[in-house]
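All values below come from the heavy atoms of this structure, side chains included, with hydrogens, waters and symmetry mates left out. Nothing here was measured: the structure is a model prediction, and the numbers come from that model. When a ligand or atom number is given, it counts from 1 through the structure's own listing order.
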Amino acid sequence: MSAVSPSFPPHEAVHVLSDPESGLRGFIAIHSTALGPAAGGCRIWRYRSDREMLDDALRLSAGMSFKNALAGLPFGGGKAVLALPEGEDWDRERLFKAFGRAVERLDGAYVTAEDVGSSIADMKVVSGKTQYVAGLPSKGGATGGDPSPWTAAGVFMAMQAAWSHATGKSLAGVVVGVQGLGHVGADLAERLHLAGARLVVSDVDPDRLSDAVDRFGAKVVEPDHLLGEPMDIFAPCALGGVLTTLSVARLSARLVCGAANNQLADPEVGALLAERGVLYCPDYVVNAGGIINVVAEYLGEGEEAVLRRVGQIPQRLLQLVAMAKQSGMEMNEAAHDAAMEAVAAANPKICVA
Ligand code: NAI
């Protein structure tokens, strides 16, 4: 692991996955098991290099530790990141079976589920090889199934609370820029439309855009132009790293609240947002609804546990707003400190950063 930049957070373990027969290539990063088994989804994506793939695994698994800790879940943080094979000539089922075997070999230290690029169907294949998987189809009213609606619900409630805190107003008539109309973004857009918000949207998929125009009367903007568009709230729901020094300089929104993981390109952007009077809702605080549902399924808990924990997201966010104000910290720093405290309280011997 000597090639990894020293700026990366320390991890308990990083497992290299390589199975030439199925084409499986990737990493399972286990950031921390201080609070319990490392839980986090399996991303399958086309990366420019193995180094970029490893970087993503390390950042995402650390984020899962913080997300799970702040959501009060008895789980640590981990993430699987796989390389999407080139071309059409590969067998998806074979690849996910090999992935399932790799998860099983870790003997419960890591629990997987779907993430960007993987699906419930993929996790069903994985479940043929390991019990350490969730995000499976729900059966007979039990928890399970697609976690995205729960993620969207948590983001929406957090946005309502933060906007009301900042302005004393509801979301009616407020202009919200939604970047990415996938599983979470489309659901969030629907909730916002029902709440009377006006939508400005971008996506790289034209079908998703025309759907948003038809259903919500959304205004469509080219992906590169969304951040410069006049808006009150920005909801990043595509990929990470969207808030940079340059992009924040173009942002007119007063609030940033969305589902995408790792929205800040680097932690310093948190200070820049605050300087510009933008309230940043830390991603891993507001997007915890999905993992809350996944964990309830894994533990055999009912929907009331999911509702209770997702319902706590706005209150947790407002506590962080108060903590940041009192301490002079930025929102991202306050969330990081609170998460570290939660992990350290569970097991002070484990070092997380
Ligand atoms: P998804 O893959 O269903 O949707 C992503 C959408 O973004 C797609 O419609 C895609 O076309 C669009 N997109 C890609 N590049 C874009 C660009 N440059 N500009 C605008 N749109 C672009 O993914 P999903 O599940 O909706 O997740 C969205 C984000 O939320 C991801 O960052 C994911 O890690 C995060 N997240 C998702 C959770 C879930 O429950 N699905 C839970 C927590 C976080």
Q. Would you call Lys79 and Asp56 a salt bridge, taking side-chain N to carboxylate O under 4.0 Å as the test?
A. no

Q: Return the protein residues near ligand 1 (heavy atom under 4.0 Å from any of its atoms), ordered by chain and residue number.
A: Arg43, Lys67, Asp115, Val116, Pro147, Ser148, Thr151, Gln179, Gly180, Leu181, Gly182, His183, Val184, Ser202, Asp203, Val204, Arg208, Pro223, Cys237, Ala238, Ala259, Ala260, Asn261, Asn287

Q) Under 3.5 Å, is there a donor-acceptor pair between the Asn287 and Asn261 side chains? A) yes

List the atom pairs, with distances to 0.1 Å, where a side-chain N or O of residues 192-205 and a protein N or O form a donor-acceptor pair under 3.5 Å, not counting sequence neighbours.
unit_1: Asp203; atom_1: OD1; unit_2: Asp205; atom_2: N; d: 2.8
unit_1: Asp203; atom_1: OD2; unit_2: Leu181; atom_2: N; d: 2.7
unit_1: Asp205; atom_1: OD1; unit_2: Asp207; atom_2: N; d: 2.9

Q: Decide whether Ser118 and Asp115 meet the rule of one side-chain donor and one side-chain acceptor closer than 3.5 Å.
A: no

**Q.** Ring centres under 6.0 angstrom apart (Phe27, His15)
**A.** no

Q. Among Leu17, Leu95, Asp50, Leu82, which residue meets the side-chain contact (heavy atoms from CB on, under 4.5 Å) test with Arg25?
A. Asp50

